Engineer: 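The structure under discussion is supplied below as structure tokens; questions concerning it will follow.
Computed from a prediction, not measured in an experiment: that's the story for all the values here. Values reported hereafter were calculated over all heavy atoms of this structure, with side chains retained and with hydrogens, waters and symmetry mates removed.
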Amino acid sequence: MAPTEELTKQLEETLRRANTVLFKRGRSILIGMEISALQFNALLSIREFGPLTMGELGRHLFVACSTATDLADRMERVQLVERIRDNNDRRVVRLHLLSKGDKVLDAVIAERQSFIGEVLKDYSIQEYEELFRSLESLAQRMELKQL
């Protein structure tokens with residue numbers, strides 16, 4: 001049975017609300033570290049996809065290459081990342097995550113996970129596993145559709 005338009009609308013709104021709460025929870029940690037949400041997303045992209053060029057970073061963040069370069073300058077100044085020339089093509093420069101950047105990511109992700117754990121603490125293991133399976137299935141289907 002295909003979902004109705006109304007159910008699809010409700011699901012999108014619910015996912016957006018949950019994401020907003022999780023974003024705010026992580027953001028509270030970033031404020032204390034004086035790191036912007038865009039910088040956090042950049043660090044996360046570098047961790048997930050490996051060292052990135054400015055163009056690649058811009059595509060991951062949906063920003064112009066010049067914006068990615070400015071962002072990289074700010075992150076490099078506070079020692080979150082470093083620029084390293086590619087060994088195969090010296091014209092190519094990639095952003096690499098430094099240990100300080102790794103620590104920022106770990107702190108925010110740990111806070112988010114702790115928050116989710118607190119929210120789900122009264123779930124039975126069956127409810128927890130059902131929620132996980134449903135969200136995992138949704139994520140996989142969405143990833144396939146984006147290609």
Side-chain angles (χ1 to χ4, degrees), residues 1-84 86 93-147:
M1 178 172 94
T4 66
E5 192 173 313
E6 183 60 28
L7 283 174
T8 301
K9 179 182 173 190
Q10 290 172 348
L11 178 61
E12 188 277 334
E13 289 172 355
T14 302
L15 288 169
R16 190 167 11 100
R17 281 183 21 236
N19 185 56
T20 298
V21 171
L22 198 56
F23 176 84
K24 285 179 181 177
R25 190 64 178 227
R27 183 73 185 116
S28 66
I29 300 281
L30 293 175
I31 289 170
M33 297 178 168
E34 298 182 5
I35 300 207
S36 72
L38 189 58
Q39 287 173 326
F40 174 78
N41 290 336
L43 295 173
L44 198 55
S45 292
I46 295 167
R47 179 185 274 179
E48 288 182 12
F49 301 103
L52 300 174
T53 65
M54 296 310 118
E56 292 166 340
L57 180 62
R59 283 190 291 281
H60 282 286
L61 300 176
F62 304 103
V63 299
C65 193
S66 60
T67 302
T69 300
D70 291 343
L71 182 65
D73 289 342
R74 290 191 303 276
M75 292 190 306
E76 193 172 38
R77 271 195 300 275
V78 294
Q79 300 175 337
L80 298 170
V81 298
E82 69 178 334
R83 287 179 167 100
I84 297 178
D86 189 285
V93 177
R94 297 185 185 282
L95 282 179
H96 291 252
L97 200 57
L98 292 174
S99 66
K100 184 177 177 183
D102 241 351
K103 288 176 185 169
V104 166
L105 288 171
D106 290 343
V108 173
I109 290 169
E111 173 58 30
R112 290 165 133 182
Q113 290 172 350
S114 174
F115 177 68
I116 291 171
E118 182 64 26
V119 170
L120 299 179
K121 74 178 181 187
D122 295 328
Y123 276 44
S124 70
I125 192 70
Q126 183 179 356
E127 289 173 315
Y128 187 93
E129 288 173 348
E130 184 178 323
L131 175 62
F132 174 75
R133 279 193 302 276
S134 294
L135 288 173
E136 179 63 26
S137 177
L138 176 64
Q140 287 176 358
R141 290 174 185 211
M142 291 173 82
E143 289 167 346
L144 288 173
K145 285 286 187 187
Q146 79 175 351
L147 301 175

Engineer: Are any of the side-chain heavy atoms of Ile109 and Leu44 separated by less than 4.5 Å?
Structural biologist: yes

Engineer: Between atom CG of Leu98 and atom CE of Met75, what is the distance when rounded to the nearest 0.5 Å?
Structural biologist: 10.0 Å

Engineer: Quick one: closest heavy-atom pair of Cys65 and Gly55, and the distance?
Structural biologist: SG-N, 3.9 Å

Engineer: Give a yes or no on whether a salt bridge exists between Lys121 and Glu118, defined as a side-chain N under 4.0 angstrom from a carboxylate O.
Structural biologist: yes

Engineer: Decide if atom NZ of Lys9 counts as having more than 12 heavy atoms of other residues, nucleotides or ligands within a radius under 6.0 Å.
Structural biologist: no

Engineer: Could you state the interatomic distance from NZ (Lys103) to CG (Leu97), rounded to the nearest 0.5 Å?
Structural biologist: 11.5 Å

Engineer: Could you tell me if the side chain of Arg74 sits less than 4.5 Å from the side chain of Leu71, heavy atoms only?
Structural biologist: yes

Engineer: Mind checking the CE-CG spacing from Met54 to Asp73? Nearest 0.5 Å is all I need.
Structural biologist: 8.0 Å

Engineer: Which heavy atom in Tyr123 sits nearest to a heavy atom in Tyr128, and how many Å separate them?
Structural biologist: CD2-N, 4.0 Å

Engineer: Does Glu12 pair with Arg16 as a salt bridge, N-O distance under 4.0 Å?
Structural biologist: yes

Engineer: How far does CG of Leu38 sit from OG1 of Thr67, to the nearest 0.5 angstrom?
Structural biologist: 8.5 Å

Engineer: Output the distance between atom CG (Leu30) and atom CZ (Phe23), rounded to the nearest 0.5 Å.
Structural biologist: 8.0 Å

Engineer: Give a yes or no on whether the backbone of Glu130 and the side-chain of Ser134 come within a donor-acceptor separation of less than 3.5 Å.
Structural biologist: yes

Engineer: Near Glu136 CD, under 6.0 Å, is it more than 12 heavy atoms from other residues, nucleotides or ligands?
Structural biologist: yes

Engineer: So Leu138 and Leu15, do their side chains get closer than 4.5 Å, heavy atoms only?
Structural biologist: yes

Engineer: Quick check: closest heavy atoms across Leu95 and Ala72, and the distance to 0.1 Å?
Structural biologist: CD1-CB, 3.6 Å

Engineer: Which residue is it: Val78, Leu105, Leu80? I am looking for the one with a side chain to side chain contact (heavy atoms under 4.5 Å, CB included) to Ile35.
Structural biologist: Leu80

Engineer: Using the salt bridge (Lys or Arg N to Asp or Glu O under 4.0 Å) rule, collect all pairs that involve residues 48-70, keeping only residues at least two apart or in two chains.
Structural biologist: Glu56-Arg94

Engineer: So how far is it from Phe40 CZ to Ile29 CD1, rounded to the nearest 0.5 Å?
Structural biologist: 10.5 Å

Engineer: Hey, does the side chain of Ser45 reach the backbone of Asn41 with a donor-acceptor pair shorter than 3.5 angstrom?
Structural biologist: yes

Engineer: Should we count CD of Gln79 as having more than 12 external heavy atoms under 6.0 Å?
Structural biologist: no

Engineer: Does the Arg112 side chain pair with the main chain of Arg25, one donor and one acceptor, at a distance under 3.5 Å?
Structural biologist: no

Engineer: Is it the case that over 12 heavy atoms from other parts of the model lie below 6.0 angstrom from the CD atom of Glu127?
Structural biologist: yes

